[in-house]
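Each remark here refers to the structure printed beneath this line.
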Amino acid sequence: MSDISFFAASACKITSVKVVTRFAPSPTGALHVGAARTAIFNWLFSANLAGDFLLRIEDTDRARSEERFERQIIESLRWLGIDWQGEIVRQSDRLDTYGKLAGRLVDEGKAYRCYVTADELGRRREEAREKGEVFRYKREWSQLGAAPGKSYAVRLSVLPGENIFVKDLVRGEIVFDSSEIEDFVILKADGFPTYNFAAAVDDAQMDISHVIRGDDHIINAPRQILVAEALGFGKPKLSHVPMILGADGKKLSKRHGAESVTEYRSRGYLPEAVLNYLVRLGWSFGDQEIFAKQELVKIFSLKGIGKSPSVFDPQKFLWLNGKYLRDMSEERMFEEIVSLVKKKEFPEQPREKLRKIIEQMRERSETLNGIVDQSLYFFTDDFEYEEKAAEKFLVEKNSQIFEFLLEELSCLEDFSYNDVHGGFQRVMKRTGLGLGRIAQPARVALTGSTKSPGIFDVVEILGRDSVASRLTRAIQFIKSRNA
RNA sequence: GGCCCCAUCGUCUAGGGGUUUAGGACGCAGCCCUCUCAAGGCUGAAACACGGGUUCGAAUCCCGUUGGGGCUACCA
């Protein structure tokens, strides 16, 4: 090894700039799962290297940006357990900076004022499209309609015939021909910067060292490089990660059902499951599927990021959520369910009863909501019988089973699981039937369904009174049906 | 159309020249457990897009074809 490379290697270590990443959503909607994954990757990457993770709100689209979306995005990030350092940077607060920088570029002859209106441009584009041609802005129109006081946009001069090299950490080098890039707008007529300008300026001024973002931005890379170069700014290292697609292979969108973190939250998904599922989409670590947050911070690296797009699989997501649901601590589960019960306006339950319901239902559900929704018969005596179930099990020949159960269960000492078990055994003896022949009709009488937790658990949870009234109801039902 | 990206089971993916009869996970099927449904355990079906190279040898490297996706805004 030569001295030079040794020096370079060690210098790199010592002076290596601190890793700074950012998440830069535009507040034009809720936090999309694709954007959430981008945030997770950036956050994990910087956390792994003991760097900073910053948050920047790209609200330069005046028509579509809304403050409520900003709040929603921030809330979603917090919910996911993603935290950032320092103040949130808001681009609308930095209009001055962009204006000055764009002015400087104009003064230096690297950019110019363009008086062609957006409408006119639209017309030209339309015209060209009709003729089957590709429209590209031509600089000679730049002074069209120029007049003092007239509004204009600022465009960056792009020299044609040059190669722009994008060094992508996950894809390698991508070359663009500058002739393909027109003199793009950096400052709109309303004084707001365009995305490519603001992003390049901010990344430099925020000392962003690494940008990890979706594949769909790869086309923007050469433009942002051009901006940084014109301004003499530094350039962050870029990594473009493959996009998340819907089952139809198209970019994930509203058409595919739930697409925002908020929606999954309200459907009863757990934040650690969302994080885990999303991180595994486009990133992997050998055969491992389940990752704790702290573990991810330790092991995450760009090496695990793949190149091909991934299809969002709701089924696997659901399975993962179920996994986490079964793992969740009792206390936290209890709190979540209590607030859900309240929200859904289900009747309030005694603490101990609810605890037992949860214990039984958590392994039969994939989401928090599922636990509550599938427990209706625990919450009220007033439930419907499933038609097929009633037809098969709420029949004359089972009447006696219900009568016996009523007798044996009513006189139990303390209605514990063991007591209930004993009660059923006595009914088995009296009828000469196996447990299966008794449990299934009982299940239907007690829950209206052929599916439920173990019958002794159901009986124990419901309690003496409720069981008695449900058995009576079943007996009545059979009678009235025969009448 | 142009530019750019991508290509292993249905899906997420491991594997990056010989260790591969291509591994894991979801889903699917079967079995076990069992009072039903789950959970859990076990077993099974299921993939290197195609064509050319390079090489003693290619899922792995190169080229092409095909297919998919993205961008093509005074949106981000």
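The figures here come from the full heavy-atom set of this structure, side chains too, leaving out hydrogens, waters and symmetry mates. In what follows, chains are A, B, ... by sequence order, proteins preceding strands, each numbered from 1.
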Q: Give a yes/no answer on whether the side chain of A:Ser449 brings an N or O atom under 4.0 Å of OP1 or OP2 in B:rC37.
A: no
Q | Nearest listed nucleotide, side chain of A:Val185, among B:rG1, B:rC35, B:rC74 | A | B:rC74
Q: Nearest-nucleotide wise, let me know which of A:Glu289 and A:Tyr277 is further upstream toward the 5' end of RNA chain B.
A: A:Tyr277
Q: Any strand is fair game: report the nucleotide pairing with B:rA7 by Watson-Crick or G-U wobble, both distances under 3.5 Å, or none.
A: B:rU66
Q: Take A:Glu182 and A:Val134, find for each the nucleotide of RNA chain B with the closest heavy atom, and name the residue whose nucleotide sits nearer the 5' end.
A: A:Val134
Q.
As a test of understanding, state which of A:Arg124, A:Arg123, A:Arg129 forms a side chain to side chain contact (heavy atoms under 4.5 Å, CB included) with A:Glu126.
A. A:Arg129
Q: Tell me which nucleotide among B:rC3, B:rC71, B:rC35 gets nearest to the side chain of A:Lys251.
A: B:rC71
Q.
If you take the centroid of each ring, where Trp contributes its six-membered ring, are A:His256 and A:Phe312 closer together than 6.0 Å?
A. no
Q) Which nucleotide in the set B:rA7, B:rU13, B:rU36 lies at the smallest distance from any side-chain heavy atom of A:Ser308? A) B:rA7
Q: Report which part of the nucleic acid A:Lys323 touches: base, sugar-phosphate, or nothing (heavy-atom distance under 4.0 Å, all strands).
A: sugar-phosphate
(Q) At under 4.0 Å between heavy atoms, how does the protein contact nucleotides 59-66 of chain B? Give one character per nucleotide, 5' to 3', with B, S or -. (A) --------
Q. For residues 152-185 of chain A, which residue pairs qualify under ring pair (Phe, Tyr, Trp, His ring centres under 6.0 Å), counting only residues two or more places apart or in two chains?
A. A:Tyr115-A:Tyr152
Q) In whole Å, what is the span from the CZ atom of A:Phe312 to the P atom of B:rU13? A) 12 Å
Q | Heavy atoms of other groups near A:Glu67 CD, more than 12 under 6.0 Å | A | no
Q.
When you measure only distances, ignoring hydrogens and angles, does the side chain of A:Asn220 come within 3.5 Å of the base of B:rA76 through a donor and an acceptor?
A. yes
Q: Just call it for A:Val311: base, sugar-phosphate, or nothing, with non-hydrogen atoms closer than 4.0 Å on any strand.
A: sugar-phosphate
Q: Could you work out which one of B:rC35, B:rC71, B:rA38 sits closest to the side chain of A:Ile219?
A: B:rC71
Q: Using a heavy-atom cut-off of under 4.0 Å over every strand shown, decide if A:Gly282 touches base, sugar-phosphate, or nothing.
A: sugar-phosphate
Q: Name the nucleic acid region contacted by A:Arg362, choosing base, sugar-phosphate or nothing; use a 4.0 angstrom heavy-atom cut-off, strictly under.
A: nothing
Q: Decide yes or no, distance alone: a donor-acceptor N/O pair under 3.5 angstrom between the base of B:rG1 and the side-chain of A:Glu133.
A: no
(Q) Using the salt bridge (charged side-chain N to carboxylate O under 4.0 Å, His left out) criterion, which residues pair with A:Arg56? Sequence neighbours excluded. (A) A:Glu58, A:Asp202, A:Asp203
